[in-house]
Structure formats: structure tokens, C-alpha cells
J.: 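Got a structure for you, written out below as C-alpha cells; questions coming shortly.
Remember, it's 1-based here, ligands and their atoms both numbered in the order they're listed.
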Amino acid sequence: MTLKLFNTLTREKEEFKPITEGEVKFYSCGQTIYDDLHIGNARAYVAWDTLTRYLRWKGYNVRHVQNITDVGHLTDDGDQGEDKVEKRAKEMGLEPMELVEDQIERYFEDTKALNIKRQDIVPRATGHINEMIEYVQKIIDNGYAYEVDGNLYFDVEKFAEDYPYGEMANKDIEQLKDEAESRVEEDEKKKNQYDFALWLNSEGSGHLMEWTAKFEINSEIVESTGYPGWHLECSVMGQKYLGDEFDIHAGGKDHIFPHHPNERAQCFAATGEGQARYWLHNEFIQVEGEKMSKSEGNFYTVRELLNEYSGDAIRLHLVSSHYRSETSFSHEGLEKAEKELGKARRMVQKVGVPETDNTEEEIKEQFEEFMDDDLNTAKAKQYLMETVSDLNSVREDDEEVSPAAANTVIQLFQILGVDITPNTSESEAEMADLLMEIRDEAREEEDWETSDYIRDQLQNLGFEVEDTDEGSKWLK
Ligand code: AMP
Ligand code: ZN
């Protein structure tokens, strides 16, 4: 079965064919590290983690790179405004790298709680300044950059004579020019307003993060102390770790313009290759049907949600929608996800974690069909939940659930990043089973005091007790 992915470059679902058979080289744009992970960021990273897990399950050898931006991302469009990291650090009275150290630790804690596997390489922009300076030099040498007052700009007009530029945003060059002129405050240093910075001179600006670069332009050396433009890092780190041409590049739909076209343009300008073949973009998440924003008061960090919900439930809620749909994130959805998790865990608990490597082909095939369709986790997850219900009703009819079927469901949930194996030890489970028997006897004798006492004590230990037609059931 073949995977199809929606490629923004062609606006079509295309059959995925890696450059080298059996190998996938994948880059996704990562976090600008000045604030805690919010649920919108999480949606993007969950989608790319799920893609990686799925590709591996299909037998590909995957190298996944996702960067951390710790310099160069400015607050405004068009190379204006302050560096986001530096601005926040100043507000907090910290060195930018002090803020970054702290935020990186929090970022890994939060992503881990959502079962986002740490990518194979997590490069940081500040660790690649030398490479970025060398890269700018290549763009200068190839004739696609110009210098004004120590700033280096990418010459979009010149570039567009030789390479495609607006295709990702599906716009022609004149349209992009008009839009840039109306979008940003005029920058007199630029030849055209749609040009973008490769390097910005920061001398005398009090900028805390700056490096001295030497560029050779028309046989003269220009020294400039400054910092890289935001788009540069992904061109450089992507090609450094994955090769000039690689398979997949992903990011949020806000990157359809300008971030990704500019990254791609730099790659063409420096190396003659447009970097990735498949460009994937996730749609933005809405919260309770509204755009998420701090001013609307509907802004959620993963950290605060984890106080109320389990990481598995948050992840399950996120994969319950397709990555290209404008899904609504809600408390109702999270509660539903907790219940679904409970159902799935109860099934496994009843069957016991199967001691088998056997799997059921039919379940796998159906799952794969949904996932092959541009990673439709919404349908795949719905199908798995239906299978859980089927297995649960089998056991209610007192028949044996096939361990292979249960095993398959556990494995497939893992591709979605959701762990449905109950987190109880054997002795804990035995104790809970025994207490359930005692409780059922007490209930038969209408001894509500004892029955409630057992339930309350178990709840204190983190067990949920449910009364069903067939007696008491527990779940941890
Ligand atoms: P930022 O922190 O704004 O640089 O965003 C980091 C990543 O999260 C980018 O890939 C964004 O496209 C993505 N992102 C930001 N907000 C949302 C949202 N509401 N829904 C989905 N993805 C988002
Ligand atoms: Zn990027």
C-alpha cells in the first residue's frame, strides 16, 4: 500500500516516493524558544511525530530533524521589530541564553508528556552561525544577494528570473511584490520590499546576540557584526543534516508564505537544489471554535492542560482530527478523549497485555488504508475505537478476545502516539481484583458502607471504580 501526502507545492495528494528507496529524510520547523509550548505548537509537532512513527512502521529508515530557533526570529514581518527571544529575556532580566536553557528544558518535558519522540537531531540556530555565514557567502557568490550598510538581503527579483518563487503560495511575483509593499513599513535599504534579510547588522543597537561576520563582495571584504535572518537557519541546518535535496519539509500553514518559499529560495540560490520534494503544512487549531489568542483568553499551554488531563488524552484529542483540518480543540473533546482512553485500557486490562507477537492483518490493513490517505489520523483513530468497542463486546459475551487482535490495537495506537496499556503492576491489579470481589459481596448484602469505603479508598490510590451489570470494575 502506498502513502499519499498532500504536497503544498503542487496542491495535490501525491504518491510518496523517497529519493533513496527505504530511506526518508525529514525536516520540520520547530519552536522559537521563548515561551511554553502551546496547544497549537503541539498540534504541529504531534502531526510530524505521528508521520515519523508511521513511516517507521511502514519499514522506512527515517532521519527526522526538527530545529529550535534561539536567535533571529523577529516580532514583526519584513525584518522589523525585535528578536523574540531577546525581547522576552530583557523583560525578565535574563541573558537570552539563560531564558533559552530554561525554556528548552520545559519544552522537552512538555513534548515528552505528549509522547512526542525526541527527533534524531534537534539543532539550534545559535550552534550554526558559522555555517550560516558560509551559506550567505555562497548566495553572494551566485549573485542573489546584495549588501547595504552591513545588511545582506536576498534579491528576490534576480532570483525569480532563474528559479520559481511564488509557487508554494500559488501567487505570481507581481502579486507578492504588491502584497509586500502594502504589508510592511517601507524599508529604504531594500531594493524591493519583498527582499528579505540574510544577515542584519546590529552594531550600536544594543543587540545582545551578535557575531562578527566577514563577507567577500565584489573582491572586497565587508565586516558586519550582527545576526542571521530567520529563514536562513532552516535552509542551512536542513541541508547540513539531510543533504541538498531531501524528502519532506513540514511546518504550520503560516509558513506557506513567507518562511518556506524563502527557505527554498535560499537553497536554490546557494546549492541549485530546492531542498525538499514534499512540503507539508498543518492547519491552525481553533479553541472552542475560535482563533486561539492570549487576548481572547482562550490560549492554552500544554503545561496547564497537563494539570487537568493526561498527556495520552491530550494526544488522543489532537490526533482525533486530520492535520489539515481546522479542528476545534475543547475541554469537551479532552474529556471525551479521557473516556475513550478508559475504554481502550479497560479492554486491554481485561485481556491482559498479550504475550504474543502475532497481529491481525485485517485490522492493520484497514488502519493503513486510512493513514495512507494523507495521514488521516481522524479516521484511523475512529476505526481503532470501533475495534475496541467490538473487542469489549466480545468479552462481555464471555468469549475470548483474540490476543493478536488486542496486540494489534495496542501497537496501532502507539503509531498515533497513544499508550493504551494500563499502567498498573501485576500485584496492584491482583489487589484491585480482590477488593472488587469483596465490594460486590458487600453490595449484594446491601452493605453500602463497606462498598463505598472500598471505592473511596481505591479512588485515593488513583483507581476509578465503575458499577456495571456484571459487577464492579476498576481502572487505574
Ligand atoms: P511559533 O511558536 O509561532 O513559531 O510556532 C511554532 C509552530 O507552531 C509553527 O509550525 C506554527 O505554524 C505552529 N502553530 C502556531 N500556532 C498554531 C495553531 N494555533 N495551530 C496549529 N499550529 C500552530
Ligand atoms: Zn523553518
J.: Please give me the minimum heavy-atom distance between Lys117 and Asp49, naming the atom from each residue.
T.: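 Taking every non-hydrogen atom into account, N-OD1, 3.0 Å.
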J.: What is the ring orientation for His331 with Tyr309, classed by angle as parallel under 30°, tilted 30 to 60°, or perpendicular over 60°?
T.: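 Ring orientation of His331 relative to Tyr309: tilted.
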J.: Any idea which protein heavy atom is nearest atom 22 (N) of ligand 1, and the distance to it?
T.: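 So the nearest neighbour among protein heavy atoms is Gly40 O, 3.0 Å.
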J.: Can you tell me if NZ on Lys379 sees more than 12 non-hydrogen neighbours from other groups inside 6.0 Å?
T.: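 Atom NZ in Lys379 is not crowded, with 12 or fewer foreign heavy atoms closer than 6.0 Å.
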J.: Can you name the atoms of ligand 1, numbered from 1 with element, that are less than 4.0 Å from a heavy atom of Glu283?
T.: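 Near Glu283, meaning under 4.0 Å from one of its heavy atoms, ligand 1 has 21 (C).
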J.: Any idea how Tyr144 and Phe159 line up, ring-wise: parallel (<30°), tilted (30 to 60°), or perpendicular (>60°)?
T.: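 Correct class here is perpendicular.
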J.: Given the Zn ion (ligand 2) as the apex, I'd like the angle to SG of Cys234 and NE2 of His259, rounded to 10 degrees.
T.: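 Nearest ten degrees: 120°.
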J.: Answer with yes or no whether the side chains of Asp372 and Tyr54 bring together a donor and an acceptor at under 3.5 Å.
T.: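 Yes - a donor-acceptor pair under 3.5 Å links their side chains.
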J.: Does Gln286 have a non-hydrogen atom less than 4.0 Å from ligand 1?
T.: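 The answer is no: ligand 1 sits nowhere under 4.0 Å from a heavy atom of Gln286.
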J.: What is the name of the N/O/S atom in Glu263 that sits closest to the Zn ion (ligand 2)?
T.: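 Going through the N, O and S atoms of Glu263 one by one, OE2 ends up nearest to the Zn ion (ligand 2).
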J.: Within ligand 1, which atoms have a heavy atom of Gly252 less than 4.0 Å away?
T.: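 Selected atoms, number and element: 10 (O), 12 (O).
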J.: Do Thr359 and Lys364 pair up side chain to side chain, a donor and an acceptor below 3.5 Å, judged on atom types alone?
T.: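 Result is yes, a qualifying pair exists.
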J.: Short list, please: which atoms of ligand 1 are under 4.0 Å from a heavy atom of Tyr45?
T.: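 Counting from 1, the qualifying ligand atoms are 6 (C), 7 (C).
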J.: Are His128 and Tyr241 near enough that their ring centres are under 6.0 Å apart?
T.: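 Distance test on ring centres: under 6.0 Å, yes.
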J.: Where do Arg315 and Arg53 come nearest, in terms of heavy atoms and distance?
T.: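 Minimum heavy-atom separation between Arg315 and Arg53: NH2-NE, 3.9 Å.
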J.: Can you confirm whether some protein heavy atom lies under 4.0 Å from atom 12 (O) of ligand 1, or whether none does?
T.: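 Yes, there is a protein heavy atom closer to it than 4.0 Å.
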J.: To which protein heavy atom is atom 9 (C) of ligand 1 closest, and what is the distance rounded to 0.1 Å?
T.: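 Protein heavy atom with the smallest distance to atom 9 (C) of ligand 1: His255 CE1, 3.7 Å.
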J.: Please verify the inter-ring angle class for His73 with Trp230; under 30° counts as parallel, over 60° as perpendicular, anything in between as tilted.
T.: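 Rings of His73 and Trp230: parallel, under 30°.
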J.: Could you tell me which atoms of ligand 1, counted from 1 in the order shown, lie closer than 4.0 angstrom to a heavy atom of Thr32?
T.: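 Atoms satisfying the 4.0 Å criterion: 4 (O).
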J.: Using a 4.0 Å cut-off to any heavy atom of Asn282, which atoms of ligand 1 qualify?
T.: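 Numbered from 1, ligand 1 contributes 21 (C), 22 (N).
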J.: What protein heavy atom sits nearest atom 8 (O) of ligand 1, and how far off is it?
T.: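 Nearest protein contact, heavy atoms only, for atom 8 (O) of ligand 1 is Asn41 ND2, 3.1 Å.
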J.: When you compare ligand 1 with Gly30, is there at least one nitrogen or oxygen pair between them that comes in under 3.5 angstrom?
T.: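 Gly30 vs ligand 1: no N/O contact under 3.5 Å.
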J.: So, does Lys291 sit close enough to ligand 1 that a heavy atom of it is under 4.0 Å from the ligand?
T.: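 It does not; every heavy atom stays at 4.0 Å or beyond.
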J.: Just by distance, with hydrogens left out, do Glu233 and Asn67 show a side-chain donor and acceptor under 3.5 Å apart?
T.: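 Indeed, the side chains of Glu233 and Asn67 share at least one donor-acceptor pair under 3.5 Å.
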J.: Pull out every atom of ligand 1 sitting under 4.0 Å from any heavy atom of Ile285, numbered as shown with elements.
T.: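 Here the atoms of ligand 1 in question are 18 (C), 19 (N), 20 (N), 21 (C).
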J.: Can you pull out the closest protein heavy atom to atom 16 (N) of ligand 1? Residue, atom name and distance to 0.1 Å, please.
T.: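 Checking every protein heavy atom, the shortest distance to atom 16 (N) of ligand 1 gives His38 CE1, 3.4 Å.
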J.: Would you say Ser28 and Gln66 are linked by a side-chain donor-acceptor pair, where the criterion is simply a distance under 3.5 Å?
T.: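 Judged by distance alone, the side chains do pair up.
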J.: Taking N or O atoms only and a 3.5 Å limit, does Asp254 qualify as a polar contact for ligand 1?
T.: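 Yes, Asp254 has an N/O under 3.5 Å of an N/O on ligand 1.
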